[in-house]
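In what follows, a structure is listed as structure tokens, so that the remarks can point back to it.
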Amino acid sequence: MAKIIRPQRASTSSVRSAPKKKAAKAARLLPKRGAKKPAKKAAKRTVKPKPWTSEEVYEAFDRFRKANPEPKGELEHLNPYTLLVAVVLSAQATDAGVNKATRALFAVADTPEKMLELGEDRVRDYIKTIGLYRNKAKNVIALSQKLIAEFGGEVPRTRAEIESLPGAGRKTANVVLNMAFGEHTMAVDTHVFRVGNRTGLAPGKTPLEVELGLEKVIPTEFMLHAHHWLILHGRYTCLARGPRCDVCLINDLCRWPEKTV
């Protein structure tokens with residue numbers, strides 16, 4: 001006769017203890033009465049620098065003027081056309097690098113007509129030491145064609161018309177209008193953008209915001225040379241790394257909290 005094996009029953013004590021263990025575990029996970037909640041990290045507060053007064057802005061540019069009454073742009077050119085070409089070539093390149101390439105180029109092609117006669121391949125050979133030279137050579141030829149076809153071979157004198165040229169943007173238009181035609185424009189490059197924000201003179205998230213901010217606060221009598229003063233200041237004094245605060249003309253007016261003087 002086969003032996004019947006009956007399944008063992010859990011003891012009453014073990015069955016009763018299971019819910020108690022679960023309850024005890026849940027209790028351990030609950031915060032104890034009177035226990036302090038972890039403190040929330042305080043949000044960092046960004047303190048906006050105090051805006052410059054009109055007297056401070058005047059003082060700053062008066063100092064720039066006294067130190068350098070007739071500032072000059074560092075891009076070499078012969079006329080408005082070669083200035084336009086030089087500025088287009090200067091995108092993502094240094095002025096020194098552009099000048100090295102354009103000295104020979106402008107010696108043989110200082111008008112749109114001469115540039116077209118030279119042709120894209122030869123233009124490319126002249127500027128091959130400049131970054132993005134292939135695309136820039138195309139733009140130089142294309143803008144030369146458009147100048148002849150639509151503007152009688154002359155550089156136009158409005159921002160919108162200059163911006164319509166291949167390779168030319170707002171900064172290019174502002175530089176040409178200022179340097180070639182004496183317009184009170186503010187060209188914002190990386191140096192001007194840095195100076196405007198770092199000093200608190202005209203803070204902005206975009207070059208256009210900085211441009212409009214500077215135009216708003218700079219007195220008219222300084223506007224012809226203002227962008228040159230700011231470019232030179234950013235290039236040689238208010239450097240991106242290791243700014244030379246000890247020799248800065250406006251260090252007592254600057255709002256930068258990390259200045260070294």
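Computed from a predicted model, the values in this text were never measured in an experiment.
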Counting C-beta onward and ignoring hydrogens, is there a side-chain heavy-atom pair between D62 and F222 closer than 4.5 Å? yes
Heavy-atom side-chain contact between L230 and L214 under 4.5 Å: yes
Interatomic distance, CG@L232 vs OH@Y236, rounded to 0.5 Å, equals 6.5 Å
Would V195 and L212 show up in the same hydrophobic cluster when neighbours are defined by side-chain heavy atoms closer than 4.5 Å? no
Which heavy atom of A93 sits nearest to which heavy atom of K136, and what is that distance? CB-NZ, 4.1 Å
Please answer: with hydrophobic residues joined when any side-chain heavy atoms are less than 4.5 Å apart, are W229 and V210 in the same cluster? yes
Distance-minimising heavy-atom pair for P219 and V57: CD-CG1, 3.9 Å
If you measure from CZ on R255 to CD1 on I250, what distance do you get to the nearest 0.5 Å? 10.0 Å
Measuring from L253:CG to L201:CG, what's the distance to the nearest 0.5 Å? 9.5 Å
Return a table of donor-acceptor pairs under 3.5 angstrom between the side chains of residues 177-186 and protein atoms on other chains or two or more places apart.
| residue | atom | partner | partner atom | Å |
| --- | --- | --- | --- | --- |
| N178 | ND2 | E183 | O | 3.0 |
| N178 | ND2 | L224 | O | 3.0 |
| T185 | OG1 | N174 | O | 2.7 |

When rounded to the nearest 0.5 angstrom, what is the spacing between CD in E70 and NE2 in H225? 4.0 Å
Which value, rounded to the nearest 0.5 Å, describes the distance between D189 atom CG and E211 atom CD? 11.5 Å
Assigning hydrophobic clusters by single linkage (Ile, Leu, Val, Met, Phe, Trp, Tyr; side-chain heavy-atom cutoff under 4.5 Å), is V88 placed with V108? yes
Side-chain ion pair, D125 and K128, N-O less than 4.0 Å: no
Side chains of residues 202-209: which donor-acceptor pairs under 3.5 Å do they make with residues two or more places apart or in other chains?
| residue | atom | partner | partner atom | Å |
| --- | --- | --- | --- | --- |
| T206 | OG1 | E209 | N | 3.1 |
| E209 | OE1 | K205 | N | 2.9 |

Linking I/L/V/M/F/W/Y whenever their side-chain heavy atoms sit closer than 4.5 Å, directly or via other members, would V123 and L165 fall into one cluster? yes
Linking I/L/V/M/F/W/Y whenever their side-chain heavy atoms sit closer than 4.5 Å, directly or via other members, would L132 and L84 fall into one cluster? no
Within a strict 4.5 Å, meaning less than it, do heavy atoms of the M115 and L105 side chains meet? yes
Inter-residue atom distance R235.CZ - T190.OG1, 0.5 Å rounding: 10.5 Å
Name the orientation class of the two ring planes belonging to F61 and F64 (parallel below 30°, tilted from 30 to 60°, perpendicular beyond 60°). perpendicular
Could you tell me whether the side chain of D95 reaches within less than 4.5 Å of the side chain of V98, counting heavy atoms only? no
Do W256 and C245 come within less than 4.5 Å of each other through their side chains, counting heavy atoms only? yes
Return yes if some donor-acceptor pair links the side-chain N/O of R198 with the main-chain N/O of L239 below 3.5 Å, else return no. yes
Heavy-atom pair of closest approach, residues A101 and T129: CB-OG1, 4.0 Å
E56/K50 salt bridge by N-O under 4.0 Å criterion: no
Any chance the rings of Y133 and Y126 have centres within less than 6.0 Å? no
Please list, one pair per line, the donor and acceptor atoms closer than 3.5 Å that link side chains of residues 141-155 to other protein atoms, with sequence neighbours excluded.
| residue | atom | partner | partner atom | Å |
| --- | --- | --- | --- | --- |
| S144 | OG | Y81 | OH | 2.7 |
| S144 | OG | V140 | O | 2.7 |
| K146 | NZ | S164 | O | 3.0 |

Check the surroundings of atom CZ in R63: do more than 12 heavy atoms from other residues, nucleotides or ligands lie under 6.0 Å from it? yes
For the student: nearest non-hydrogen atoms of T172 and A168, plus distance: CG2-CB, 3.9 Å
Quick one, F106 and V85 - any side-chain contact, counting heavy atoms below 4.5 Å? yes
Minimum heavy-atom separation for A187 to V175, with atom names? CB-CG2, 3.5 Å
Nearest heavy-atom neighbours spanning C248 and H233: SG-CE1, 3.5 Å
